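Quick notes on the structure that follows.
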Protein chains: 2
Amino acid sequence: MEPVPMLLAMTYRALGDQFHDRLGQIGLEPLRPAHGYVFRFLKEKRATTVDIGQHLGVTKQAAAKIVTELDDWGYVLREPHPTDKRAQYVTLTTKGRDYLKFADNLWADLESEMAEAIGADTLATIKSGLAAYLRHVHGEDQPGLRPVW
Amino acid sequence: MEPVPMLLAMTYRALGDQFHDRLGQIGLEPLRPAHGYVFRFLKEKRATTVDIGQHLGVTKQAAAKIVTELDDWGYVLREPHPTDKRAQYVTLTTKGRDYLKFADNLWADLESEMAEAIGADTLATIKSGLAAYLRHVHGEDQPGLRPVW
DNA sequence: AAGGTTAGACAACTTGGTTGACTACTTTGG
DNA sequence: CCAAAGTAGTCAACCAAGTTGTCTAACCTT
């Protein structure tokens, strides 16, 4: 049997490719995974560029590039930080929230197709098993998501 | 709960980081994942640079760079193809096979630690579940491994 | 008020890939 | 059997997405 990491990488890849393909078919600009993770992060909390870098596990400079792109494309905007004149909050625009909603539906589709293919109970075991392992390794403060290869 | 792809990426990452750290502690040069996948591939079959590129899911030029590195470091050597004068077989040296053996043990350690953390049965379900999904998506001819982020 | 820290911007560089072009050899089809 | 098309490998130019390093302005001690 394949070693675990290989299985993880290939499955991630298979899911990601399908996601990407379907977005493309709809004609939606296929942002990179990092962009999606930023959306997901911004939905939860107000965040600065530095926060985003932390969350993604990249330098603030790299995060700044991503934020600039998203800003140029109209998915986010920067608004002044209420108390800190150096900082800016990055917030989702309506376009950004719509994209996220659409993407979430797509992910849900893929996940339920996966459940259908291998069994909902198996999928549930996979999810809780991986989550348990991550807690085991990292405790409560998970690190950034960071590139993988 | 986190979406599946996130869990996959984070777990892959967590395992890979531990692997990398432990290799570093031993003082062994920590090759990149791609190198490891090449070793694993060469153990199975005789392969040319083009084959390797195919397997990794990168261009032959990118594969050639990797092979050149491995050659320079003494992990593989190129020998003339018996029937095709253009081609060369890339084969593991003893150093390469030793590295692979060592890495395999390390992976096995990590996997059994994972089994201990989440239960051997859960791990087994994860592995077979993911494998089943990959068969479902790709049929028998799996694509390359390819970068992920 | 002084000294250390932090958010963000700018620039130079690195890494790991890409595309394109070319040579030498191989395979195929009339 | 040979001409045309295809393939292995190499070289070179380029690109994307990160990195490090430096700087300014603002912030936080004390």
Side-chain angles (χ1 to χ4, degrees), chain A residues 9 13 16-17 20 29-38 41-42 45-73 75-91 143-149, chain B residues 9 13 16-17 20 29-38 41-42 45-73 75-91 143-149:
Chain A
R13 179 78 206 206
D17 285 351
H20 186 274
E29 339 168 21
L31 308 180
R32 276 171 286 123
H35 298 119
Y37 291 139
V38 171
F41 185 54
L42 292 180
K45 40 183 65 150
R46 324 207 81 198
T48 66
T49 297
V50 169
D51 296 332
I52 292 171
Q54 200 107 21
H55 179 245
L56 292 179
V58 301
T59 57
K60 61 182 179 175
Q61 291 90 332
K65 280 190 192 175
I66 292 175
V67 169
T68 301
E69 286 175 341
L70 288 176
D71 189 356
D72 290 346
W73 299 335
Y75 291 103
V76 304
L77 47 82
R78 296 160 163 118
E79 50 192 30
H81 192 287
T83 67
D84 187 338
K85 281 180 198 152
R86 295 167 305 173
Q88 300 168 333
Y89 272 138
V90 181
T91 60
L145 289 161
R146 212 46 201 310
V148 154
W149 179 261
Chain B
R13 178 80 205 203
D17 285 351
H20 185 274
E29 340 168 22
L31 307 180
R32 275 172 286 125
H35 298 119
Y37 291 138
V38 171
F41 185 54
L42 293 180
K45 41 184 65 152
R46 324 208 80 198
T48 66
T49 297
V50 169
D51 296 333
I52 292 172
Q54 199 107 22
H55 178 245
L56 292 179
V58 300
T59 58
K60 61 182 180 174
Q61 291 90 331
K65 280 190 193 176
I66 293 175
V67 169
T68 301
E69 285 174 341
L70 289 175
D71 189 356
D72 290 347
W73 298 335
Y75 291 104
V76 304
L77 46 83
R78 296 162 163 116
E79 50 192 28
H81 191 287
T83 67
D84 188 336
K85 280 179 199 155
R86 294 167 305 173
Q88 299 168 333
Y89 273 138
V90 181
T91 60
L145 289 161
R146 215 40 206 312
V148 153
W149 178 260

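Just the heavy atoms: all of them, side chains too, but no hydrogens, waters or symmetry mates, feed the values below. Throughout, protein chains are lettered first and strands after them, A, B, ... in sequence-line order, and every chain is numbered starting at 1. Values in this document were obtained by computation on a predicted structure and should not be read as measured data.
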According to the interplanar angle, ranging from 0 to 90°, do the rings of B:W73 and B:H35 count as parallel (below 30°), tilted (30 to 60°) or perpendicular (above 60°)?
-> perpendicular

Verify side-chain contact (heavy atoms from CB on, under 4.5 Å) between A:Y75 and A:L31, making sure each step is shown before the conclusion.
-> CA-CA 11 Å; A:Y75 291 103; A:L31 308 180; 4.0 Å; yes

So what does B:A87 hit on the nucleic acid, given a heavy-atom distance under 4.0 Å: a base, only sugar-phosphate, or nothing?
-> sugar-phosphate

With a 4.0 Å cut-off on heavy atoms, is A:T48 in touch with a base, just the backbone sugar-phosphate, or nothing at all?
-> sugar-phosphate

Between [atom2] on [N] and [atom1] on [X], what's the gap in Å once rounded to a whole number?
X     : N      : atom1 : atom2 : answer
B:L56 : C:dT18 : CG    : C1'   : 15 Å
B:D71 : D:dT10 : CG    : C1'   : 14 Å
A:I66 : D:dA16 : CD1   : P     : 15 Å
A:R46 : C:dA7  : CZ    : C1'   : 17 Å
A:I52 : D:dG18 : CD1   : C1'   : 17 Å
B:R78 : D:dA8  : CZ    : P     : 15 Å
B:E79 : D:dA8  : CD    : C1'   : 16 Å
A:K65 : C:dA11 : NZ    : P     : 12 Å

Would you say the side-chain atoms of B:D51 and B:T48 include a donor-acceptor pair closer than 3.5 Å?
-> yes

Are any of the side-chain heavy atoms of [X] and [Y] separated by less than 4.5 Å?
X     : Y     : result
A:R46 : A:H81 : no
A:K45 : A:H55 : no
A:I52 : A:V90 : yes
B:Q88 : B:L77 : no

Answer yes or no: does a side-chain N or O of B:T49 lie under 4.0 Å from OP1 or OP2 of D:dA8?
-> no

Of the listed nucleotides D:dT20, D:dG9, C:dA7, the one nearest the side chain of A:T59 | D:dT20

Would you give a per-nucleotide map of nucleotides 20-27 of chain C, 5' to 3', where B means the base has a protein non-hydrogen atom under 4.0 Å away, S means only the sugar-phosphate does, and - means neither?
-> B---BBS-

